[in-house]
Colleague: 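Attaching a single structure in structure tokens format; questions to follow.
Naming convention: chains lettered A, B, ... in sequence-line order (proteins, then strands); numbering from 1 in each chain.
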2 protein chains.
Amino acid sequence: MDQGTADLALAIGARVKRERQARHWTLDQLAEAAGVSRRMVVNVEQGGVNPSVGTLLRISDALGIGLPALVEQPQAKPVKVTRSGEGAVLWSGESGGRGVLVAGTEVVELWDWTLEPGDRHVSEAHAAGTKELLQVQHGTITVHVADESNTLSAGDALAFAGDVAHSYENPHTQPARFCLAVFEPVVGTGLRSEAGRA
Amino acid sequence: MDQGTADLALAIGARVKRERQARHWTLDQLAEAAGVSRRMVVNVEQGGVNPSVGTLLRISDALGIGLPALVEQPQAKPVKVTRSGEGAVLWSGESGGRGVLVAGTEVVELWDWTLEPGDRHVSEAHAAGTKELLQVQHGTITVHVADESNTLSAGDALAFAGDVAHSYENPHTQPARFCLAVFEPVVGTGLRSEAGRA
DNA sequence: ACTGGCAGTGCAGTATCATGCACTCATGGA
DNA sequence: TCCATGAGTGCATGATACTGCACTGCCAGT
């Protein structure tokens with residue numbers, strides 16, 4: 001392993017370890033979630049090996065971060081100004097479904113959504129960097145994110161980037177309810193570092 | 001090599017070949033510039049192998065494009081589904097209550113908490129700036145933050161700073177359940193970068 | 001002391017990445 | 001026709017990524 005590869009391996013390892021610990025995951029949990037051996041997770045975290053992209057892909061997948069983010073060389077990123085995001089909008093469907101903002105601070109919001117059968121809520125893309133996390137409490141909903149649709153039943157959860165157009169839909173015959181956490185990065189004041197296109 | 005890895009290998013190969021041909025380089029030229037064997041360049045271009053990051057680093061270096069640009073997934077999938085029962089259990093009480101991480105990204109986590117009668121979970125103070133938002137789905141819980149205690153019933157919600165010691169408790173006779181969103185600001189070394197969205 | 005649970009190491013075995021060489025095939029120019 | 005150049009293949013070989021297991025050390029709880 002040459003010098004450049006060794007540096008990269010160390011940087012990757014530091015990121016993996018950091019992300020794993022931020023989630024309070026053990027080595028075993030990450031290993032199982034990623035489908036690689038625990039031994040390999042240790043090796044990668046310590047930068048002691050030159051892993052294949054397949055291995056890194058599985059790890060980055062399990063962590064929910066992009067592979068490019070994992071392999072970025074440590075260097076200053078260009079600062080990108082993001083557009084202003086629209087405020088959260090209360091919504092109600094014609095069948096009685098509604099989205100209610102139940103708690104919020106400047107950067108995080110927690111919503112309680114009820115979708116009656118047939119209800120559908122379409123959301124514009126939010127500010128860049130917005131993340132949404134939801135978990136279904138009962139019923140079944142379908143979430144569309146960027147050409148992709150995911151059907152979720154009670155207990156299922158979903159994490160996705162809210163900076164693309166997305167929608168929630170209840171195409172079934174039973175009412176559905178889910179909680180939704182939205183994180184919008186602060187724009188205007190803070191500098192937000194975004195991975196720049198090379 | 002699994003399916004995801006194979007797809008990625010093909011995408012990488014296509015990019016390498018395109019970049020090489022755009023420069024009117026022969027296989028030998030790229031191989032020598034990158035310091036890898038010509039045989040390996042061919043294999044990578046055809047997506048027939050699962051190369052190590054070291055190899056890809058040398059190739060991306062020779063081509064003058066960044067490694068992240070090479071490994072970007074064709075259609076980035078910033079969506080992660082957690083199926084019911086798949087979440088990592090952070091805490092479980094002796095009566096059967098538990099806290100399960102159902103969805104999370106780098107900065108936000110969504111938890112599904114169940115507190116059986118008598119259950120009590122005490123949390124250390126998190127990093128400065130941490131915010132927690134929760135809403136009770138059913139039952140009644142008492143949340144202690146700093147010196148203050150709040151009793152919440154179904155539908156009630158609470159937002160508070162998580163950077164002080166706090167605890168969740170169910171001193172009643174019915175099981176309780178609530179969803180909890182945690183936002184942890186990143187105060188680290190500045191190593192963190194945001195995943196570039198494709 | 002005696003349990004877990006987690007982080008990390010050591011080692012043997014297997015899969016495969018990666019190399020070097022020899023070869024075919026196609027193109028094009030003298 | 002002969003020769004040169006570049007793309008791509010088949011194969012034997014060495015290096016190492018990756019796995020699984022056993023093990024140590026550490027810490028918290030009882």
Colleague: Scan residues 38-48 of chain A against DNA chain D and write down, sorted by residue number, each residue with any heavy atom closer than 4.0 Å; if none is found, say none.
Modeller: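 Per residue number, the list reads R38(A), R39(A), M40(A).
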Colleague: Roughly, in whole Å, what's the span from CG in D28(A) to P in dG8(C)?
Modeller: 12 Å
Colleague: I want to check something: taking the side chain as every heavy atom from C-beta on, are I141(B) and T151(B) in contact at a cut-off of under 4.5 Å?
Modeller: no
Colleague: I need the CG-C1' distance between L27(A) and dG5(C), as an integer number of Å.
Modeller: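 From L27(A) CG to dG5(C) C1': 12 Å.
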Colleague: Taking side chain as C-beta onward, heavy atoms only, is L134(A) less than 4.5 Å from V143(A)?
Modeller: yes
Colleague: Can a side chain N or O of T26(A) be found less than 4.0 Å away from OP1 or OP2 on dG5(C)?
Modeller: no
Colleague: Suppose the criterion is salt bridge (charged side-chain N to carboxylate O under 4.0 Å, His left out): which pairs have a residue in residues 166-180 of chain A, not counting sequence neighbours?
Modeller: D112(A)-R177(A), R120(A)-E169(A)
Colleague: Whether the T5(A) and N50(A) side chains hold a donor-acceptor pair (N or O, under 3.5 Å, no angle test) is what I'd like checked.
Modeller: no
Colleague: Should E32(B) and R38(B) count as side-chain neighbours, where that means a heavy-atom distance under 4.5 Å?
Modeller: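 With C-beta onward as the side chain, the pair stays apart.
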Colleague: So do the side chains of L8(B) and I12(B) get within less than 4.5 Å of each other, counting heavy atoms only?
Modeller: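 Answer yes - side chains close enough.
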Colleague: In whole angstroms, how far is the P atom of dT16(C) from the CG atom of N50(A)?
Modeller: 17 Å
Colleague: Side chains of Q137(B) and C179(B): closer than 4.5 Å at any heavy-atom pair?
Modeller: yes
Colleague: Please find the earliest and latest nucleotides of DNA chain D, in the 5' to 3' direction, that have an atom within less than 4.0 Å of any heavy atom of chain A.
Modeller: dA17(D) to dA22(D)
